[in-house]
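Please read the structure below before turning to the comments.
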2 protein chains.
Amino acid sequence: MQAECAGDAVKLNGREYPCTVSLAMDLVGGKWKTVILYHLKETSKRYSELRREMPDITEMTLSLQLKQLEKDGLVSRAVYGEKPPIKVIYQLTDFGKTFIPVLDAVTAWGNFILKEKGEVVYRS
Amino acid sequence: MQAECAGDAVKLNGREYPCTVSLAMDLVGGKWKTVILYHLKETSKRYSELRREMPDITEMTLSLQLKQLEKDGLVSRAVYGEKPPIKVIYQLTDFGKTFIPVLDAVTAWGNFILKEKGEVVYRS
DNA sequence: CGGGATCCTAGGGGATACTG
DNA sequence: CAGTATCCCCTAGGATCCCG
């Protein structure tokens, strides 16, 4: 497993990165993208379900992040209905599913950190 | 494997996150941190080696990122010598080494993306 | 119901120059 | 050799309100 980290740069969709790991982190980095992917991991969901399951994300940020995930091909969006109430379903694409092993590794590591040195802020 | 993504927030070093995956991504997110960790994966290295191996990062950004990685306990810094030329060695801490499986997963995924839909910008 | 428009700001990251 | 000091720009992400 040799990442392109030594001299050559890599390019995807017009964006350029110093290394493939950097490219990967750009697709799923930030505060919310992995969280969203985590919630879509098992099953497709509607917009309102995602909102309910992530109370702290604002509507604007949620739809913005979803749009970026869609643009990068990780998530697909399907609209049902013409007039309100309409229904919008989000799900992982085949490409998005290739991220699941990474997501599992990140999740396991995040939980490990929490156990070792973090704390839970109870809300319930 | 259940991440804390449903209601409760998590906290580490005063920073609060909606989910453990989000916490993990904050420690290693951004354009450079994973690249630096990748270069420190096998062996410890001096500052100048890191610089040589990552020609595109500026000195300021490199030392800033190293400082953050050190603060978050992923990397340790050791100084040898009193007066210039001094020698500074960076290496993964034990905690930093727990990130390696994740790094490998991210690297593999990044390489996969490159192969499927990216392109290499040759410099040599 | 599922967003968009607008405005705002914190900080990540670059450029250039200098130093113990 | 291994950084700092400044300065500056740009994007992620939040707040608030509005719409088909």
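Here is how names work: the chains are called A, B, and so on, in the same order as the sequence lines, proteins then strands, and each is numbered from 1. What's counted below: heavy atoms across the whole structure, side chains too, no hydrogens, waters or symmetry copies.
Between the CZ atom of A:Arg15 and the C1' atom of D:dT11 there is a distance of 13 Å, rounded to whole Å. In this structure, the CE atom of A:Met60 is 10 Å from the P atom of C:dA5, given to the nearest Å. Rounded to whole Å, the distance from CD1 on A:Ile86 to P on C:dC1 is 11 Å. If you measure from atom CG of A:Leu64 to atom P of D:dG13, you get 8 Å, rounded to the nearest angstrom. The distance from atom NZ of A:Lys71 to atom C1' of D:dT11 is 12 Å, rounded to the nearest whole Å. Note: CD1 (B:Ile36) to P (C:dG12) measures 13 Å, nearest angstrom. For B:Glu59 and D:dT4, the CD to C1' distance is 10 Å, given to the nearest whole Å. Remark: C1' of D:dC1 and CZ of B:Arg51 are 9 Å apart, rounded to the nearest angstrom.
The shortest distance between side-chain heavy atoms of B:Leu27 and B:Phe99 does not fall below 4.5 Å. With a 4.5 Å cut-off on side-chain heavy atoms, B:Tyr38 and B:Val106 do not count as touching. By the 4.5 Å heavy-atom criterion applied to side chains, B:Tyr47 and B:Glu59 are counted as neighbours.
Dashed line: the shortest gap from a side-chain N or O of B:Trp32 to OP1 or OP2 of C:dG12 is not under 4.0 Å. Between B:Gln65 and C:dG12 there is no side-chain polar atom (N or O) within less than 4.0 angstrom of OP1 or OP2. For the OP1/OP2 pair of D:dG3 and a distance below 4.0 Å, the side-chain nitrogens and oxygens of B:Ser63 include no atom meeting the criterion. Proximity of A:Ser48 to the phosphate of C:dC1: no side-chain N or O atom is located under 4.0 Å from OP1 or OP2. Within the 4.0 Å cut-off from OP1 or OP2 of D:dA2, at least one side-chain nitrogen or oxygen of B:Arg46 is found. Close to C:dG13, at under 4.0 Å from its OP1 or OP2, lies no side-chain N or O of B:Thr58.
Across all strands shown, B:Lys31 has heavy atoms under 4.0 Å from sugar-phosphate atoms exclusively, and none from any base. Residue-level contact check: A:Tyr90 touches the backbone only, with heavy atoms under 4.0 Å from sugar-phosphate atoms and none from bases. The residue B:Lys67 sits close only to the backbone: its heavy atoms come under 4.0 Å of sugar-phosphate atoms, none of a base.
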With side-chain contact (heavy atoms from CB on, under 4.5 Å) as the test, would you mind laying out the steps for B:Thr107 and B:Thr34 before giving the verdict? CA-CA 9 Å; B:Thr107 305; B:Thr34 45; over 6 Å; no

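Between B:Phe95 and A:Trp109, the two ring planes are parallel [angle under 30°; tilted spans 30° to 60°].
A salt bridge links B:Asp72 with B:Arg15: the closest approach of a Lys/Arg side-chain nitrogen to an acidic carboxylate oxygen falls below 4.0 angstrom.
Ranking D:dT4, C:dG12, C:dG2 by closeness to the B:Gln68 side chain, first place goes to C:dG12. Minimum atom distance to the side chain of A:Thr61 is reached by D:dG13, of the listed D:dG13, D:dA2, C:dG2.
One end of the helix from C:dC1-D:dG20 to C:dG20-D:dC1 points its axis 60° away from the other end's axis, with each axis taken from 5 pairs and the angle rounded to 10°.
Side-chain N or O atoms of B:Thr93 include one that pairs as donor or acceptor with a backbone N or O of B:Gly73 at under 3.5 Å.
Shown are A:Arg77, A:Arg46, A:Lys45; of these, the side chain to side chain contact (heavy atoms under 4.5 Å, CB included) with A:Val88 is made only by A:Arg77.
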